[in-house]
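Keep in mind it's a predicted model, so treat the numbers as computed, not measured. Below, chains carry the letters A, B, ... as their sequence lines are ordered, and counting in each starts from 1.
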Amino acid sequence: TQLLEQSPQFLSIQEGENLTVYCNSSSVFSSLQWYRQEPGEGPVLLVTVVTGGEVKKLKRLTFQFGDARKDSSLHITAAQPGDTGLYLCAGPLYNTDKLIFGTGTRLQVFP
Amino acid sequence: NAGVTQTPKFQVLKTGQSMTLQCAQDMNHNSMYWYRQDPGMGLRLIYYSASEGTTDKGEVPNGYNVSRLNKREFSLRLESAAPSQTSVYFCASSEATAGFGSYEQYFGPGTRLTVT
């Protein structure tokens with residue numbers, strides 16, 4: 001069974017701090033995605049990583065796909081209150097167009 | 001371009017009542033999905049449809065039925081609501097087909113359902 005575990009579950013930090021969120025699995029994924037969900041809204045895709053070892057940057061957000069394609073991380077530099085939300089990783093179930101989602105990391109950034 | 005729209009946004013039902021959640025997408029996507037989101041449990045797939053006229057069960061299908069009316073619309077029906085179905089329901093669509101595409105899913109704003 002393919003599962004995605006995220007850590008930490010909750011993170012409360014002050015504006016300006018750095019943080020890293022992890023997404024781990026014992027299964028290999030062809031790609032992994034990161035979504036951000038703001039209160040009262042649906043998740044929105046931030047990035048897709050498809051190559052083992054790949055690093056993608058989106059302004060202050062850095063995403064990395066593990067060499068073995070079993071894990072991914074999201075690093076935020078100098079967090080801002082606008083980064084507050086639920087961060088979800090997701091990966092495709094083998095040979096289907098269905099995604100499985102991690103349980104999420106809820107980030108709160110205080111001014 | 002509206003993307004994925006869902007109605008209603010909020011609903012309160014009594015145990016045993018029925019209702020249909022509506023979803024429509026205007027991106028010409030083949031695949032559509034219904035999820036429920038509960039605290040601490042992430043998004044769990046209820047049903048999905050890979051194309052018009054086809055539907056398949058996801059992880060938590062019990063108590064729900066779906067209908068893929070056409071390529072744009074995918075509805076979720078609760079025949080006899082139970083308190084355990086209190087949740088936030090999201091519809092999503094994707095252009096991906098099995099083994100191809102980026103699998104990016106586009107989500108609607110959600111329906112917040114309370115069953116008392």
Inset, instruction - Flag the one option from A/Gly40, A/Ser30, A/Gly102 with the top tally of heavy-atom pairs under 4.5 Å to chain B. - result: A/Gly40
Legend entry - Segment of B/Arg44 engaging chain A (4.5 angstrom heavy-atom cut-off): neither
Inset, instruction - Treat each ILVMFWY residue as a node, draw an edge where side-chain heavy atoms are under 4.5 Å apart, and state whether B/Tyr89 and B/Val60 are in one component. - result: yes
Legend entry - Minimum-distance pair of heavy atoms, taken over all atoms of A/Ser73 and A/Thr20: CB-CG2, 4.2 Å
Inset, instruction - Name the member of A/Val50, A/Leu86, A/Thr103, A/Val44 that forms the most heavy-atom pairs with chain B at distances under 4.5 Å. - result: A/Thr103
Inset, instruction - Can you tell which part of B/Tyr35 gets under 4.5 Å to a heavy atom of chain A, answering side chain, backbone, both or neither? - result: side chain
Legend entry - Hydrophobic cluster identity match, A/Val21 and A/Leu58, side-chain contacts under 4.5 Å: yes
Inset, instruction - Would you please indicate if the ring centroids of A/His75 and A/Phe63 are separated by under 6.0 Å? - result: no
Inset, instruction - Please state whether the rings of A/Tyr35 and B/Phe107 are parallel, tilted or perpendicular, taking 30° and 60° as the class boundaries. - result: perpendicular
Legend entry - A/Asp83 and A/Arg60: CA distance, side-chain angles, deciding distance, salt bridge (Lys or Arg N to Asp or Glu O under 4.0 Å) verdict: CA-CA 10 Å; A/Asp83 296 326; A/Arg60 294 176 294 99; 2.9 Å; yes
Legend entry - Hydrophobic cluster identity match, B/Phe90 and B/Leu21, side-chain contacts under 4.5 Å: no
Inset, instruction - Name the region of B/Gln6, side chain, backbone, both or neither, that has any atom closer than 4.5 Å to a heavy atom of chain A. - result: neither
Legend entry - Under 4.5 Å from any heavy atom of chain B - which part of A/Gln6: neither
Inset, instruction - Pick one of side chain, backbone, both or neither for A/Leu88, based on which atoms fall under 4.5 Å of a heavy atom in chain B. - result: side chain
Inset, instruction - Identify which of B/Cys91, B/Gly42, B/Gly108, B/Ala92 forms the greatest number of heavy-atom pairs closer than 4.5 Å to chain A. - result: B/Gly42
Legend entry - Proximity breakdown for B/Leu45 and chain A, heavy-atom pairs closer than 4.5 Å: side chain
